Each structure stands twice: as C-alpha cells, then as structure tokens.
Amino acid sequence: MRRCIQLAYMGAGTVAPNPMVGAVLVHNDCIIGEGYHQKFGEAHAEVNCINSVATADAHFINKSILFVSLEPCAHVGKTPPCVDLILQYGIEHVVIGCSDPFTKVNGAGITKLLDAGVNVEADILTKECMELNKRFFTFHQKKQPYIILKWAQSKDGFIAAENGMPVKISNEFTNKLSHKWRSEEAAILVGTNTVLNDDPTLTTRNWAGKNPVRVIIDLDLKINSTANVFNDDSTTFVFNSIKMEHLNNIYFYKVENHENLLHDIIKVLYQNNILSCIIEGGARTLQSFIEAGIWNEARIITNNDFNIESGIKAPLLKNALLQYQLNIQSDRINFFTKNINEPL
C-alpha cells in the first residue's frame, strides 16, 4: 500500500479534479504490475497497473492480489468502471486504502466487488491514503476547495517594503519549490495590491507543470487590462463589485455583499470544480482568510539571513499546528495545518 501511495503522488497536478491513485499487483509476494492515474480523463491506476504486467506474467493476474490506494470506481465517467476490469481479469483479492467519498462511488465499488465474491480488505493505511487526497476529500465532504496559505517573510517579520513594493526574500531554490507548489494546485489567489505592485504572471514558469487558474480580488476593477494576469497563459477569475462578464479566458464575478466575499469566492471555486487554491498575497488578503478561518494549510517561508527593518508586516497565523520544517539554505519553511479543535 505504501508503494501505491508513492506511485499516486506522481500524478500530482495532472489528475485533478480526479483523485491521485496508485495500484500494485502482487503474486507470491512479488510485484508483477504497478501503475497510477497519470492524467485527468485518461486511464485510471488499476488499468495502468494491469496493462504494465509483462506478457510472460499475464497468466498470474487472476492469482494475484490487487492493492489500490482508493476504492475502485463502479460508474462510467471519462473511462469505464475499474471494478468491471478487475472482475474481467478474475482478480479474487483486492486490498483498498480507503473508500471514495465521491457520490457516484462512495462504497459502490466495494459492494460490487463483494457481491461478485471478491475477497476485499479495506481501510489499509487509511490515514495516509486520505492525506494523499486531502484536496479531493475536502472538496467532496465539505463542499469547498482545499485552501493553502503561502507567504515569504524576512527574519524580522516583514513581507514587503514600506511602500508595498515587492522585495526579493526567498532564495532561488525555494522559488522553484514555490512554482512546483503552484503546479500542484488548481487555482492561485491574490488581491488587488499584489497585482498592482508586482504585476505577477501567477504561472509555473520556473517549474514544468500546468498553470493554475488565477483568482484575483479586485473589487473596484483597478487593475489595468494589460496586466500579466490577463494574458493567455491561464484562465483568470476576477471578483469585483461592478460587473458579471466573460471575455475569452477572463471571467468577472460580481460580488453583491462584501461581507460574504470570501464565502462567495469559495462557492464559485467549488461550482467550477476547483479542488484546491493556494493564496499568495498580499498581507491583507491572507489575513482575511485567516480571520475567517477559511484555510486548511499554511506554508511560511522565512529568510533567516535577511531583515527589512520596516514595511508591511507578515500575516499573523492563528489556530495553527506546526507539522514539520524544511530548511533550504537561508530559508526555513514551516508547514502548518489548522487546529480544528480551537475556536476561531
């Protein structure tokens, strides 16, 4: 099962809104096939696993144990049901990491296997398998995208200069990692001032991967149409108080009640099948998500060799649990999750 999880992670950033899934076929304690879901709309992990079996080993398939990190699907989606494939090959023993919360699966895959006489073992490394697909589970169980907060700060706790202009804080290796993070999420969100001051592209230009949907909060539509966030590199959502409009790859969403702004954003992202969103700035936008308690994870980069002395203070994270720390030369990255047992 650990190998299934390891394989599944190879689909990060390419399979959403589907979950990441890995599968391993074992005969007499020997792996004869393995695969993972590689791209949305294409073959699932079970299909790639079975197809990977060498011709010389094909006669072992129906005598093997299939390990899969998530419950096999039993419905027709972009591809045929994986349960039918398992039954077609006569596999009599299936080990499943965790059940699938998607309404069209949600136990139906396990039930169909059991009804066909297959020996099913479920909930193996469940915690690890659910962590693998925390975005997918959050989306389907809580009806909202998985929210990640991310910022870089100086040793003395600032994220920008006095005038709000950007300051290079993290090193080049951490920057590459940040772009890898972008490639793994469905959307990236920033506020008006970040666009006005930085003119960012909000793409994965420093990492090979797809660009996330760009989400901009610009209530008064101050951002010029020539800004980089409006180029053709990705789709852009603009939340504003003026118009509802669709122009090529740009979608303007009108917000009627500013007090419900963040909840409206979350609702629209969910309706557009966006499983996750990384919030990258600025300080006011990040703090508003923190104050509203609308976040699941935070990644804070601190350059321990650099002070700004005065400027815009970094957001103040609340109700957070430190999970682990990563050091990349001068940068320390702290990874937090929200403490759900604490009041907002």
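No experiment lies behind these values; they were computed from the predicted model shown.
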Asks: Test your reading of the model: is there a side-chain donor-acceptor pair from Asn211 to the backbone of Asp233, 3.5 Å cut-off?
Replies: yes

Asks: Are Ile266 and Leu262 side-chain neighbours, meaning at least one heavy-atom pair lies under 4.5 Å?
Replies: no

Asks: Treating Ile, Leu, Val, Met, Phe, Trp and Tyr as nodes and any side-chain heavy-atom pair under 4.5 angstrom as an edge, say whether Phe173 and Ile333 lie in one connected cluster.
Replies: yes

Asks: Listing request: all side-chain hydrogen bond (donor to acceptor under 3.5 Å, both in side chains) pairs with a residue in residues 120-138, at least two apart in sequence or in separate chains.
Replies: His93-Glu121, Glu131-Lys134, Lys134-Glu297, Arg135-Glu185

Asks: Find the distance between CD (Glu71) and OG (Ser99) and round it off to the nearest 0.5 Å.
Replies: 6.0 Å

Asks: Would Ile148 and Asn296 count as a side chain to side chain contact (heavy atoms under 4.5 Å, CB included) here? Give the steps.
Replies: CA-CA 6 Å; Ile148 300 171; Asn296 301 94; over 6 Å; no

Asks: Measure the spacing between CG of Leu202 and CD1 of Ile278 and express it to the nearest 0.5 Å.
Replies: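 Output value for this atom pair is 11.0 Å.
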
Asks: Kindly compute the distance separating CG (Leu177) from CZ (Arg299), expressed to the nearest 0.5 Å.
Replies: 8.0 Å

Asks: Under the rule for side-chain hydrogen bond (donor to acceptor under 3.5 Å, both in side chains), what residues qualify as partners of Gln88, not counting sequence neighbours?
Replies: none

Asks: Count the heavy atoms of every other residue, nucleotide or ligand shown that sit under 6.0 Å from NZ of Lys63, and state whether that count exceeds 12.
Replies: yes

Asks: Measuring centre to centre across the rings, with the benzene-like ring taken for any Trp, is Tyr253 within less than 6.0 Å of Phe237?
Replies: yes

Asks: Checking side-chain hydrogen bond (donor to acceptor under 3.5 Å, both in side chains) between Arg214 and each of Asn231, Thr201, Thr203, which is the one that passes?
Replies: Asn231

Asks: What pairs with Asn257 under side-chain contact (heavy atoms from CB on, under 4.5 Å), at least two apart in sequence or on another chain?
Replies: Glu259, Asn260

Asks: Quick one, Asn307 with Ser154, criterion side chain to side chain donor-acceptor pair (under 3.5 Å). Give me CA distance, side-chain angles, the key distance, then yes/no.
Replies: CA-CA 5 Å; Asn307 288 317; Ser154 62; 5.2 Å; no

Asks: With the side chain counted from C-beta on, respond yes when Leu87 and Val118 share a heavy-atom pair under 4.5 Å apart, and no when they do not.
Replies: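 Yes; the side chains approach each other to less than 4.5 Å.
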
Asks: Are the side chains of Asn171 and Asn303 in contact, using a 4.5 Å heavy-atom criterion?
Replies: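 They are not in contact (no side-chain heavy atoms under 4.5 Å apart), so the answer is no.
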
Asks: Starting from the C-alpha separation in whole Å, work towards a yes-or-no answer on side chain to side chain donor-acceptor pair (under 3.5 Å) for Gln287 and Arg284.
Replies: CA-CA 5 Å; Gln287 196 66 53; Arg284 184 185 301 175; over 6 Å; no

Asks: Would Asn249 and Thr235 count as having a side-chain donor-acceptor pair, cut-off 3.5 Å?
Replies: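 Checked: Asn249/Thr235 side chains show no N/O donor-acceptor pair below 3.5 Å.
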
Asks: With Ala8, which residues qualify under side-chain contact (heavy atoms from CB on, under 4.5 Å), at least two apart?
Replies: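 Per chain and number, Ala8 pairs via side-chain contact (heavy atoms from CB on, under 4.5 Å) with Met20, Ser69, Leu132.
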
Asks: Report the C-alpha distance between Asp218 and Val195 in whole Å, list the side-chain angles of each, state the deciding distance to 0.1 Å, and finish with yes or no for side chain to side chain contact (heavy atoms under 4.5 Å, CB included).
Replies: CA-CA 9 Å; Asp218 185 19; Val195 178; over 6 Å; no

Asks: With sequence neighbours excluded, tell me which residues meet side-chain hydrogen bond (donor to acceptor under 3.5 Å, both in side chains) with His246.
Replies: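 Per chain and number, His246 pairs via side-chain hydrogen bond (donor to acceptor under 3.5 Å, both in side chains) with Tyr251.
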
Asks: Show me the pairs that pass side-chain hydrogen bond (donor to acceptor under 3.5 Å, both in side chains) and involve residues 42-60, at least two apart or across chains.
Replies: His44-Thr79

Asks: In Å and rounded to the nearest 0.5 Å, what is the CG to CH2 distance from Leu317 to Trp151?
Replies: 5.0 Å

Asks: Are more than 12 heavy atoms from other residues, nucleotides or ligands located less than 6.0 Å from atom NZ of Lys210?
Replies: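 Correct, the count exceeds 12.
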
Asks: For the OG atom of Ser330 and the CG atom of Asn304, what is their distance to the nearest 0.5 Å?
Replies: 7.5 Å

Asks: Could Lys143 and Tyr270 be counted as a cation-pi pair, given that NZ or CZ must be under 6.0 Å from the ring centre and within 45° of the axis?
Replies: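 Judged by the rule (NZ or CZ under 6.0 Å from the ring centre, within 45° of its axis), Lys143 is not positioned above Tyr270.
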
Asks: Sequence neighbours left out, what passes side-chain contact (heavy atoms from CB on, under 4.5 Å) with Leu322? Give chain and number order.
Replies: Asn334, Phe336

Asks: Residues two or more places apart in sequence or in another chain: which of them pass ring-ring contact (aromatic ring centres under 6.0 Å, His included) with Phe136?
Replies: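 So Phe136 forms a ring-ring contact (aromatic ring centres under 6.0 Å, His included) with His140.
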
Asks: Among residues at least two apart in sequence or on other chains, which ones pass side-chain hydrogen bond (donor to acceptor under 3.5 Å, both in side chains) with Arg182?
Replies: Glu280

Asks: Please determine whether side chain to side chain donor-acceptor pair (under 3.5 Å) holds for the pair Asn228 and Asp199, giving the CA-CA distance in whole Å, both sets of side-chain angles, and the decisive distance to 0.1 Å.
Replies: CA-CA 6 Å; Asn228 285 325; Asp199 194 22; 3.2 Å; yes

Asks: Applying a strict under-4.5 Å side-chain criterion to I, L, V, M, F, W and Y, I'd like to know whether Leu113 and Val68 cluster together.
Replies: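 Looking at the clustering, Val68 is in the same group as Leu113.
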
Asks: Run through the side-chain heavy atoms of Ile, Leu, Val, Met, Phe, Trp and Tyr, join any pair under 4.5 Å, and report what else lands in Val167's cluster.
Replies: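 In the cluster with Val167 are Phe158, Ile169, Phe306, Ile308.
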
Asks: Between Val47 and Leu85, is there a side-chain heavy-atom distance shorter than 4.5 Å?
Replies: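 SC-SC contact between Leu85 and Val47 confirmed.
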
Asks: List the steps and the verdict of side chain to side chain donor-acceptor pair (under 3.5 Å) for Ser170 and Asp331.
Replies: CA-CA 6 Å; Ser170 54; Asp331 295 341; 4.7 Å; no

Asks: How long is the gap from CD on Gln153 to OG1 on Thr302, to the nearest 0.5 Å?
Replies: 3.5 Å

Asks: Who pairs with Arg332 by salt bridge (charged side-chain N to carboxylate O under 4.0 Å, His left out), at least two apart in sequence or on another chain?
Replies: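 Checked Arg332 against salt bridge (charged side-chain N to carboxylate O under 4.0 Å, His left out); zero matches.
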
Asks: Who are the side-chain contact (heavy atoms from CB on, under 4.5 Å) partners of Cys49, not counting sequence neighbours?
Replies: Ala23, Leu25, Leu66

